[in-house]
Amino acid sequence: QVHLVESGGGLVQVGGSLKLSCVASGGAFSNYAMGWFRQAPGKEKEYVAAINLRGDTPFYSNSVKGRFAITRFNDKNTVTLQMAALKPEDTAIYYCAALDPKDYSPFDDSWGPGTQVTVSA
């Protein structure tokens, strides 16, 4: 079972940038696809981005495509999410998750505690 811890959240103004990191331990990091999800107050958790095992194929939701970039570093058991051109609707708790590489579904027991991102207008 992989253990994930996110960091890097904070308060940023509209149009600003922020970089989130997620460090994995306790499991074979390179065996998992990795993803970022977010949950805004009163809303369901939603998919943001994912990346394949090797880290050479990223995927993005339409809402963040062109503004966010996901990267993984298998030698450091780390996945990052570089966020730019932030909007108030990006405000949420951001979570990373280990994904099944076959279908990119998240493993329910892999969720980290999350990191809060707040974008002020």
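FYI, the numbering just counts along the sequence from 1.
- Across all non-hydrogen atoms, the minimal contact from Leu53 to Ala33 is CD2-N, 3.4 Å.
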Could you tabulate the donor-acceptor pairs under 3.5 Å formed by side-chain atoms of residues 19-26, not counting sequence neighbours?
none

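- Scanning both residues, Tyr94 and Val48, for their nearest heavy atoms gives CE2-CG2, 4.4 Å.
- Tyr95 and Glu6 get closest at one heavy-atom pair: CA-OE2, 3.3 Å.
- Hydrophobic clustering places Tyr60 together with Leu86 (ILVMFWY residues linked when any side-chain heavy atoms are closer than 4.5 Å, directly or through intermediates).
- Between Asn52 atom CG and Ile70 atom CD1 the span is 9.5 Å, to the nearest 0.5 Å.
- Annotation: the span from Leu4 atom CG to Trp111 atom CH2 amounts to 9.5 Å, rounded to 0.5 Å.
- The two residues Thr115 and Gly9 come nearest to each other via the heavy atoms OG1-N, 3.0 Å.
- The aromatic rings of Phe37 and Tyr47 lie perpendicular to each other, with more than 60° between the two planes, well past the 30° mark.
- Note on Phe73: it does not cluster hydrophobically with Val5, by side-chain heavy-atom contacts below 4.5 Å among ILVMFWY residues.
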field: Worked check of side-chain contact (heavy atoms from CB on, under 4.5 Å) between Phe68 and Asp90
entry: CA-CA 11 Å; Phe68 290 12; Asp90 295 318; 4.0 Å; yes
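- In this structure, Gln13 places its CD atom where only 12 or fewer heavy-atom neighbours from other residues, nucleotides or ligands lie under 6.0 Å away.
- Here the closest non-hydrogen pair linking Arg72 and Phe29 is NH2-O, 2.9 Å.
- Phe107 and Leu99 are not part of a single hydrophobic cluster, where members link through side-chain heavy atoms under 4.5 Å apart.
- Residue Leu81 is grouped with residue Ile51 when hydrophobic side chains (ILVMFWY) are merged at heavy-atom distances under 4.5 angstrom, including chains of intermediate members.
- In this structure the side chain of Pro88 reaches within 4.5 angstrom of the side chain of Val14, judged on heavy atoms.
- Across all their heavy atoms, Thr91 and Ala40 have their closest contact at O-CB, 3.6 Å.
- Remark: Asp75 engages no residue in a salt bridge (charged side-chain N to carboxylate O under 4.0 Å, His left out) (not counting sequence neighbours).
- Met83 and Leu11 are not part of a single hydrophobic cluster, where members link through side-chain heavy atoms under 4.5 Å apart.
- Rounding to the nearest 0.5 Å places NE2 of His3 at 12.5 Å from CG of Asn77.
- Side-chain contact between Arg38 and Glu46 is present, with at least one heavy-atom pair separated by less than 4.5 Å.
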